[in-house]
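In the text below, chain A, chain B and the rest are named by the order of the sequence lines, each starting its count at 1.
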Protein chains: 2
Amino acid sequence: MFSIGKLAAASHCKIPTIRYYEDIGLLPTPRRSAGNQRIYGDRDLLRLRFIRHGRELGFDLKAIGQLLQFSALDHTASNHQHSHQAEAIAKVQLAATYSRIARLQSLAEELELMLVNCDESNDHQCQVLEVLANHQLCQHH
Amino acid sequence: MFSIGKLAAASHCKIPTIRYYEDIGLLPTPRRSAGNQRIYGDRDLLRLRFIRHGRELGFDLKAIGQLLQFSALDHTASNHQHSHQAEAIAKVQLAATYSRIARLQSLAEELELMLVNCDESNDHQCQVLEVLANHQLCQHH
DNA sequence: CCTTGAAGCTCTAGTTACTAGAGGTTTTAT
DNA sequence: ATAAAACCTCTAGTAACTAGAGCTTCAAGG
């Protein structure tokens with residue numbers, strides 16, 4: 001039995017975020033006390049931890065909703081087909097993660113180049129600004 | 001002399017985005033034709049290219065606004081102090097980029113681990129779901 | 001010149017995943 | 001009983017766009 005504050009503490013998720021997840025249907029609507037306060041169970045905590053963990057791993061809420069449908073937390077028996085679908089979602093996420101890494105690495109190299117040139121050209125116009133102002137000086141594309 | 005559509009094509013920036021940048025003050029308010037259509041000059045194109053380039057490099061709009069103030073595009077003479085400030089902004093951005101890369105790499109490893117286990121445990125409960133449901137199985141923190 | 005379609009206009013609101021605050025009620029601890 | 005903490009709903013904001021409605025202007029072709 002948890003109040004929303006207790007659930008928040010146990011799951012490292014903020015109270016308004018928990019309400020948001022309920023609003024968008026990611027968490028089920030909980031029972032209420034006589035004073036209209038939400039009452040959560042252990043299953044809610046497990047489900048919320050699943051969600052937060054998925055967010056930490058970069059899955060968007062839609063994907064997490066799908067994964068939840070495949071999991072035992074959504075009253076659906078997990079079977080072989082669902083396992084493959086969850087795996088597919090994770091693979092998409094992994095590919096997207098690598099793509100982001102590559103992009104960021106390219107950007108880091110560009111920024112490094114910009115800053116190295118800054119150090120070497122103390123007596124000249126700022127290279128950071130030069131490079132931003134002139135796309136030809138940029139090597140990433 | 002550019003119409004907004006011409007400016008958009010020349011800068012690879014969408015028309016509504018150009019209007020958005022004007023709304024938030026990142027681009028100056030342009031002259032208008034007798035028919036109330038925006039008329040842009042070469043300087044506007046240079047400025048917009050600067051902005052887009054900064055966005056590509058991951059600078060947020062606030063930082064870009066600051067960089068623009070230091071640049072010749074904002075009618076301010078660039079001087080030594082401004083060069084240092086631009087460099088400082090770029091350094092912050094670089095550090096943030098490396099931090100994001102590290103984070104994404106850690107996440108990628110976790111996803112890889114999840115998926116490897118999936119392949120090896122075809123006859124068992126899906127590891128993707130297992131790991132998401134049980135935080136203890138997760139090695140990143 | 002006229003017509004039509006393309007391009008432009010402002011305004012409102014949506015996207016994603018939260019987050020903040022106002023103004024109120026309930027619970028808890030002293 | 002009282003005061004503070006915790007809870008409630010609702011509205012709106014954050015960042016950086018993006019979409020669409022309903023209108024006007026422009027340009028090209030007949």
Have a look at the helix from dC1(C)-dG30(D) to dT30(C)-dA1(D) and give the angle its two end axes make, five pairs each, rounded to 10 degrees. 10°
Once you round it to whole Å, what is the distance between P of dT18(D) and CD1 of Ile24(B)? 13 Å
Nearest-0.5 Å distance that lies between atom CZ in Phe2(B) and atom CG in Leu48(B): 10.0 Å
Tell me the interatomic distance from Asp23(B), atom CG, to dA15(D), atom P, rounded to whole angstroms. 15 Å
If you look at every heavy atom in Leu111(A) and Leu57(B), which pair is closest and at what distance? CD1-O, 4.3 Å
Donor-acceptor contact below 3.5 Å, side chain Gln93(A) vs main chain Gly58(A): yes
Please round to the nearest 0.5 Å and tell me the distance separating atom OG1 of Thr29(A) and atom CD of Glu22(A). 5.0 Å
Qualifying residue for side chain to side chain contact (heavy atoms under 4.5 Å, CB included) with Ile51(B), from Leu26(B), Ile18(B), Thr17(B), Leu67(B): Leu26(B)
Which heavy-atom pair separates Ala63(A) from Ile89(A) by the least distance, and what is that distance? CB-CG2, 4.0 Å
Mind checking the CG-OG spacing from Leu104(A) to Ser99(A)? Nearest 0.5 Å is all I need. 9.5 Å
Between P on dC17(D) and CD on Glu56(B), what's the gap in Å once rounded to a whole number? 11 Å
One character per nucleotide, please: for nucleotides 3-25 of chain C, 5' to 3', B when the base has a protein heavy atom closer than 4.0 Å, S when only the sugar-phosphate does, - otherwise. -----SBB------BBB------
Charged N-O contact under 4.0 Å between Arg52(B) and Glu56(B): no
